[in-house]
> 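Have a look at the structure that comes next, please.
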Amino acid sequence: MTPSARCSAAIEVLADIAARRRPAADALKDWGLAHRFAGSGDRAAIASLVYDALRRRAAAAWIMQDETPRAVLLGALRLQQGLAAPSIAQLFSGERFAPEPLSVEERARLDQGTLAEAPPHVAGDVPEWVLPELESLLGDDLLPELKALARRAPLDIRLNALRQDRAAALPALAHLRAEPTPFAPQGLRIPIGADGRGPALHVEPEFLEGWYEIQDEGSQLAALLCEAQAGETVVDLCAGGGGKTLALASQTRNGARLIASDDDPRRLAPIHERLRRSGAEAEVRTPRTGRARADVLTDLDGTVDRVVVDAPCTGAGTWRRNPDAKWRLRPGSLATRIAEQAVVLDRAARLVRPGGRITYITCSLLPQENDGALDAFLGRTAGFGVVPARDVVARVRPDLADAVRFTHHGLQMSPARTGTDGFYVATLERRG
């Protein structure tokens with residue numbers, strides 16, 4: 001496909017997303033199935049165009065003074081890829097498979113459109129209704145953080161200490177041009193191309209041999225801040241695909257008793273192959289499917305040293321990777337996530353022994369899901385207190401202290417400050 005034809009396809013996919021309010025990944029998959037002539041490179045290039053347009057949807061519509069899929073793609077080509085009007089006009093030529101030529105007004109907007117007078121939610125490309133929450137956290141850093149949240153995310157991997165440490169692995173991974181991550185001791189950052197794509201890491205021999213997992217540095221740090229130790233019993237309560245379970249196994253050199261569980265057996269399904277490949281050891285407790293799912297952790301109540309709660313959340317800290325999610329988020333969705341967080345925190349409280357700890361993690365920048373969730377928990381649950389996040393950082397990664405934001409109960413990572421997704425981490429201790 002020509003670059004112009006890819007632009008036409010991206011407009012088609014954006015129209016589908018807007019009309020059906022569906023995830024971008026689903027719309028892209030359906031487009032690919034309906035256009036089997038498109039090769040893998042074409043599909044990847046179209047996906048990059050679509051995701052860039054979604055990252056800058058509000059700002060692109062502002063400079064174009066139009067919210068149509070065509071206008072949003074035009075604005076994104078200008079804002080995200082830095083193309084000038086003449087270059088965009090070559091793509092929008094009206095020739096075979098190309099979008100219709102630029103109108104006089106479109107060319108003028110591309111030449112003269114500016115974000116100088118745009119309100120913060122437009123310049124920062126977020127829904128207006130979440131702005132007060134973000135502003136309460138970010139303060140004067142609001143716009144720089146929102147702009148960082150609208151950029152492409154880096155590609156990070158975590159070296160698996162059960163197979164290979166970072167220093168030893170670097171020469172073997174030299175072809176990936178990997179560099180150590182700034183904070184995570186086992187992390188490497190892989191350069192991505194101009195189209196936002198990185199190498200196909202999942203087919204590399206080292207990946208197949210369990211040397212590494214693809215994991216954002218923020219997620220790696222969140223696992224590190226759990227402070228799991230050999231000899232402890234640790235429950236990963238919302239284990240999902242098992243990323244943090246594997247990280248904890250690596251950190252403790254398989255010295256802890258790890259139990260991975262999740263309410264949804266489908267989310268847990270990938271963990272078995274990941275455990276096999278990595279050499280990590282963990283019990284996987286899967287609830288049976290059906291209307292009434294039995295609690296598979298009741299035998300552990302009151303005995304667990306550490307419970308990791310990687311809580312369900314809006315994912316507002318991962319909008320670099322999932323830009324369509326921010327435009328589908330509604331207040332009702334936030335309320336649902338907060339209710340789910342209360343359920344998992346209450347379950348964690350029953351598991352942990354006196355003196356044991358809960359590490360509460362989200363990938364959100366919204367204080368309601370972070371400090372707010374813990375305020376509610378502490379208000380309804382006796383016998384728990386907060387372990388100061390500064391103390392945890394001082395023990396685990398002192399160099400992280402100047403990069404994160406310390407909140408009332410925990411710490412917040414963010415794209416502009418730490419170069420990671422927006423992870424929140426706080427530690428609770430059962431006392432008495």
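In what follows, every heavy atom counts, from backbone to side chain, and hydrogens, waters and symmetry copies are set aside.
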> Going by atom types alone, do Q220 and D156 pair a side-chain donor with an acceptor below 3.5 Å?
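Absent: no donor and acceptor within the cut-off.
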> Any donor and acceptor pair, going by atom type alone, linking the side chain of R306 with main-chain N or O of C226 inside 3.5 Å?
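Yes.
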> So, S333 side chain and L329 main chain: donor-acceptor pair closer than 3.5 Å or not?
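A pair under 3.5 Å: no.
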> Mark yes when over 12 heavy atoms from residues, nucleotides or ligands other than R431 sit less than 6.0 Å from its CZ; otherwise mark no.
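Counting other residues, nucleotides and ligands, CZ of R431 exceeds 12 neighbours.
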> What side-chain hydrogen bond (donor to acceptor under 3.5 Å, both in side chains) pairs are there with at least one residue in residues 390-401, not counting sequence neighbours?
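The answer is E227-R395, R397-D399.
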> Taking only Lys NZ, Arg NE, NH1 and NH2, and the carboxylate oxygens of Asp or Glu, determine whether D26 and R20 approach each other closer than 4.0 Å.
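Looking at R20 together with D26, the answer is no, because their closest N to O distance does not fall below 4.0 Å.
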> Report the C-alpha distance between H409 and D375 in whole Å, list the side-chain angles of each, state the deciding distance to 0.1 Å, and finish with yes or no for side-chain hydrogen bond (donor to acceptor under 3.5 Å, both in side chains).
CA-CA 9 Å; H409 293 313; D375 281 335; 2.6 Å; yes
> Under 3.5 Å, is there a donor-acceptor pair between the side chain of D30 and the main chain of A27?
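Looks like no, no N/O pair under 3.5 Å.
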> Sort out for me which residue in D236, D299, D295 forms a salt bridge (Lys or Arg N to Asp or Glu O under 4.0 Å) with R285.
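Of D236, D299, D295, salt bridge (Lys or Arg N to Asp or Glu O under 4.0 Å) with R285 is met by D299 alone.
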> Just distance, no hydrogens or angles: give the donor-acceptor pairs under 3.5 Å from side chains in residues 199-209, sequence neighbours left out.
residue : atom : partner : partner atom : Å
E204    : OE1  : H175    : NE2          : 2.9

> What is the distance from atom CG of L74 to atom CG of L83, rounded to the nearest 0.5 Å?
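It is 10.5 Å, given to the nearest 0.5 Å.
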> Hey, what do you get for CG (L79) to CZ (R56), rounding to the nearest 0.5 Å?
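These two atoms lie 5.0 Å from each other.
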> Not counting sequence neighbours, list each pair that qualifies as a salt bridge (charged side-chain N to carboxylate O under 4.0 Å, His left out) and has a residue in residues 358-369.
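Applying salt bridge (charged side-chain N to carboxylate O under 4.0 Å, His left out) to every pair that reaches into residues 358-369, excluding sequence neighbours, yields nothing.
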> What I want to find out is whether R380 reaches D346 closely enough, with some N-O distance under 4.0 Å, to be called a salt bridge.
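Result for this pair is yes, salt bridge flagged.
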> Check whether more than 12 heavy atoms from other residues, nucleotides or ligands sit under 6.0 Å from atom CD of E67, and answer yes or no.
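Counting other residues, nucleotides and ligands, CD of E67 stays at 12 neighbours or fewer.
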> For H35, what residues pass the ring pair (Phe, Tyr, Trp, His ring centres under 6.0 Å) criterion, not counting sequence neighbours?
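H35: ring pair (Phe, Tyr, Trp, His ring centres under 6.0 Å) contacts with W31, F37.
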> Quick one: salt bridge (charged side-chain N to carboxylate O under 4.0 Å, His left out) pairs with a partner in residues 162-182, sequence neighbours left out?
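Residue pairs passing salt bridge (charged side-chain N to carboxylate O under 4.0 Å, His left out), neighbours aside: none found.
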> With rounding to the nearest 0.5 angstrom, report the CD to OG distance, Q186 to S250.
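The distance works out to 6.0 Å.
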> Would you give the length of the straight line joining atom CG of D310 to atom SG of C363, rounded to the nearest 0.5 angstrom?
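Those atoms lie 7.0 Å apart.
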> Go through the steps to decide whether R353 and D305 satisfy the test salt bridge (Lys or Arg N to Asp or Glu O under 4.0 Å), and finish with yes or no.
CA-CA 6 Å; R353 65 167 175 78; D305 298 294; 2.6 Å; yes
> Could you state the interatomic distance from CZ (F423) to OG (S364), rounded to the nearest 0.5 Å?
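Rounded to the nearest 0.5 Å, the CZ-OG separation comes to 11.0 Å.
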> With sequence neighbours left out, what residues match F183 under ring pair (Phe, Tyr, Trp, His ring centres under 6.0 Å)?
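Per chain and number, F183 pairs via ring pair (Phe, Tyr, Trp, His ring centres under 6.0 Å) with no residue.
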> Salt bridge or not between D52 and R55? Use side-chain N to carboxylate O under 4.0 Å.
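Looking at R55 together with D52, the answer is yes, because their closest N to O distance falls below 4.0 Å.
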> In plain terms, say whether E145 and R417 are close enough for a salt bridge, that is, a side-chain N and a carboxylate O under 4.0 Å apart.
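Salt bridge absent between E145 and R417.
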> With a 4.5 Å limit on heavy-atom distance, are the side chains of L149 and L365 in contact?
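SC-SC contact between L149 and L365 confirmed.
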> Starting at SG of C7, measure out to CE of M1 and round the result to the nearest 0.5 Å.
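It is 9.5 Å, given to the nearest 0.5 Å.
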> Heavy atoms, side chains only, cut-off 4.5 Å: are L173 and I157 in contact?
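When only atoms from C-beta onward are counted, I157 and L173 do touch, with a gap below 4.5 Å.
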> Check whether any side-chain heavy atom of L188 sits under 4.5 Å from a side-chain heavy atom of L159, and report yes or no.
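They are in side-chain contact.
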> Return yes when atom CG of D402 has more than 12 non-hydrogen atoms of other residues, nucleotides or ligands closer than 6.0 Å, and no otherwise.
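Check fails, neighbour count at 12 or below.
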> Does the pair R347/D301 count as a salt bridge with the N-to-O cut at 4.0 Å?
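Judged by the 4.0 Å cut-off on N to carboxylate O distance, R347 and D301 do form a salt bridge.
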> Is there a side-chain contact between L221 and V396 in this structure, where contact means two heavy atoms from C-beta onward sitting under 4.5 Å apart?
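No, every pair of side-chain atoms sits at 4.5 Å or beyond.
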> Evaluate the salt bridge (Lys or Arg N to Asp or Glu O under 4.0 Å) criterion for residues R357 and E232: first the C-alpha distance (whole Å), next the side-chain angles of each, then the deciding distance (0.1 Å), finally the verdict.
CA-CA 11 Å; R357 293 183 172 183; E232 293 182 335; over 6 Å; no
> For Q412 and R405, indicate whether the former's side chain and the latter's backbone hold a donor-acceptor pair under 3.5 Å.
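The answer is no, because no donor-acceptor pair under 3.5 Å joins these two groups.
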> Assess the side chains of D371 and T407: does a donor N or O sit below 3.5 Å from an acceptor N or O?
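A donor-acceptor contact under 3.5 Å links the two side chains.
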